[in-house]
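Proteins get letters first, then strands, A, B, ... in listed order; numbering begins at 1 in each.
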2 protein chains.
Amino acid sequence: MGLFLSTVTNKVDSKGRVSVPAAFRTALKDQEFQGVVLYPSFTDPCIEGCGMDFLDRLSASLQQQPTFSPDLDEITELVFGSSQQLPYDQTGRIVLPREFMEHAGITDQAAFVGKGPTFQIWEPAAQMRKKQQLLERARKAPPRGPALAPGAGGGHTIGRGEAPA
Amino acid sequence: MGLFLSTVTNKVDSKGRVSVPAAFRTALKDQEFQGVVLYPSFTDPCIEGCGMDFLDRLSASLQQQPTFSPDLDEITELVFGSSQQLPYDQTGRIVLPREFMEHAGITDQAAFVGKGPTFQIWEPAAQMRKKQQLLERARKAPPRGPALAPGAGGGHTIGRGEAPA
DNA sequence: TTGACGCCCATGATTTCCCATGCGATACCA
DNA sequence: TGGTATCGCATGGGAAATCATGGGCGTCAA
C-alpha cells in the first residue's frame, strides 16, 4: 500500500467537489473501491481519510478477536457510523459531505495532509496553525519515534511518474 | 462483502415504510435474498440489522466452536428467534414491524447507523445521545495498545500493525 | 368492513455523469 | 537552445440518472 505524503491544497467548488491530489489517488490505485473513506476526527477540527482496505482490515481484525476491548469496539462503532465511502468522479474528485465540511470549517479550500497510511483534510488556515503548534512543541521536546521495522522493504513511497505499466 | 458505513436518517411514512439507504443496499446487492434481516437489540433501544449472509456465517461459526459456550448459544437463540427477513419493495423500502419500532421508540424517522458488517436502526434523537456518549468516552480514554497507532496530533488513527497482505 | 400488506406509479430533489477549459510541466523538435 | 507540442491534473458547469418520498388501488384475512 502506498503512503500519503506531503500537503496539497485544492479548491472546493460550489457543489462541494474537490480533487483528491493525484499522488493520493496513486497511493490508492490498487484498491478495489476507487475512492476514499472519510470520517470526522474526534480530536481535531479536520476530516480523517484513508482507503477502504483500512476499514476492511479493521473490521476483519475485530471479528477475529474473541476478546475485544470494549473501548476499541466502541471506537470502531463510531468510526463506521461516521465514515463515508466517497467514490471519485471521472476526474478524480469527491464530493465532501456537508457535515464534514462544517466539522472542519472548510468552505472553498481544502488542504490534504499526508500522514503515512492515512491522511487528513483541513481548512488551510487551521492546518497552518496546527502545524505551527506541532513545530513549537517539537522544538521544545523533540518526539521520539519507534524503532524502525526491519525489512519493511525498499519501501515504495509514492512519487510522481512511477508508472510500471 | 460490503461494509455498512455512515449514518443516514430517513423518513418513516404512515405505513411504516422506510427507504433503506442506497449505500446499504449496495453493500447487500450480492446477496441472494434482496432485503435485510432485522432483530431487536438486547442491549440498546434500537434495531439490529444485517444481511442474510451474516446470519449464515454466524450460524456456521457457532457450529465450529469446539467448546460450546452457553452465552453464545443464548445469543444465537435470541437473534435467530426474533429476527425477521424484510424484503425491499421496488424502490428499496422495507416495512418496519410495529414491535421493532416500539422497541426502538421510532415514530416518523429512522437513523440507519453503519457498524461495519452490520448496522443499527435508531430513533434519531436517541442515536445522537448514544453517539455523544461514545464520543466523550473516546476523547477521555483513547484506546491504547498495539492495535492502535496514535497519531502525532493526539490522533486516534486506528490501525493494526498487521502485514499488508 | 377494516386493516394489513403487496404492488404500482408519480414527483421533486439530489447526486452522478459527461464534456469543456485552463494551467503547468515535461517531452519533443528544429 | 529556444520554441512548441503534448500530457496530466485541477476546475467549471449543464444534463441525465438515481434516490427518497408520497399516495392510490387491489387482495387477502380476520
Distance check, rounded to the nearest 0.5 Å: A:Gln109 atom CD versus A:Glu123 atom CD? 8.0 Å
For the atom pair CG (B:Leu3) and CG (A:Leu55), what is the distance rounded to the nearest 0.5 Å? 7.0 Å
Heavy-atom nearest nucleotide on DNA chain D for B:Thr26 versus B:Lys11: which residue maps closer to 5'?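 Going by which nucleotide is closer to the 5' end, it is B:Thr26.
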Contact class for B:Val20 (heavy atom, under 4.0 Å): base, sugar-phosphate, or nothing? sugar-phosphate
Heavy-atom side-chain proximity of [X] to [Y] below 4.5 angstrom:
| X | Y | value |
| --- | --- | --- |
| B:Leu28 | B:Phe4 | yes |
| A:Met52 | B:Leu5 | yes |
| A:Val12 | A:Leu96 | yes |

Provide, to the nearest angstrom, the distance between the [atom1] atom belonging to [X] and the [atom2] atom belonging to [N].
| X | N | atom1 | atom2 | value |
| --- | --- | --- | --- | --- |
| B:Gln85 | C:dC5 | CD | P | 16 Å |
| B:Leu96 | C:dC5 | CG | C1' | 14 Å |
| B:Ile94 | C:dG6 | CD1 | P | 12 Å |
| B:Asp13 | D:dG24 | CG | C1' | 13 Å |
| A:Asn10 | C:dG24 | CG | C1' | 14 Å |
| B:Arg25 | D:dT21 | CZ | P | 11 Å |

Determine the interplanar angle of the B:Phe42 and B:Tyr39 rings, folded into 0 to 90°, and report it as parallel if under 30°, tilted if 30 to 60°, perpendicular if over 60°.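 B:Phe42 vs B:Tyr39 ring planes: parallel.
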Less than 4.0 Å between a side-chain N and a carboxylate O, is that true for A:Asp44 and A:Lys130?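 Counted as a salt bridge, because a side-chain N and a carboxylate O are separated by less than 4.0 Å.
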Generate the contact string for nucleotides 8-18 of chain C. Rules: B means base contact, S means sugar-phosphate contact only, - means no protein heavy atom under 4.0 Å. B-------BBB
Shortest non-hydrogen contact from A:Phe100 toward A:Pro40: CE1-CD, 3.5 Å
What I want to check is whether the side chains of B:Glu99 and B:Gln84 have a donor and an acceptor closer together than 3.5 Å. yes
Near DNA chain D, under 4.0 Å by heavy atom, which residues of residues 100-109 of chain A?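 Hits under 4.0 Å, by residue number: none.
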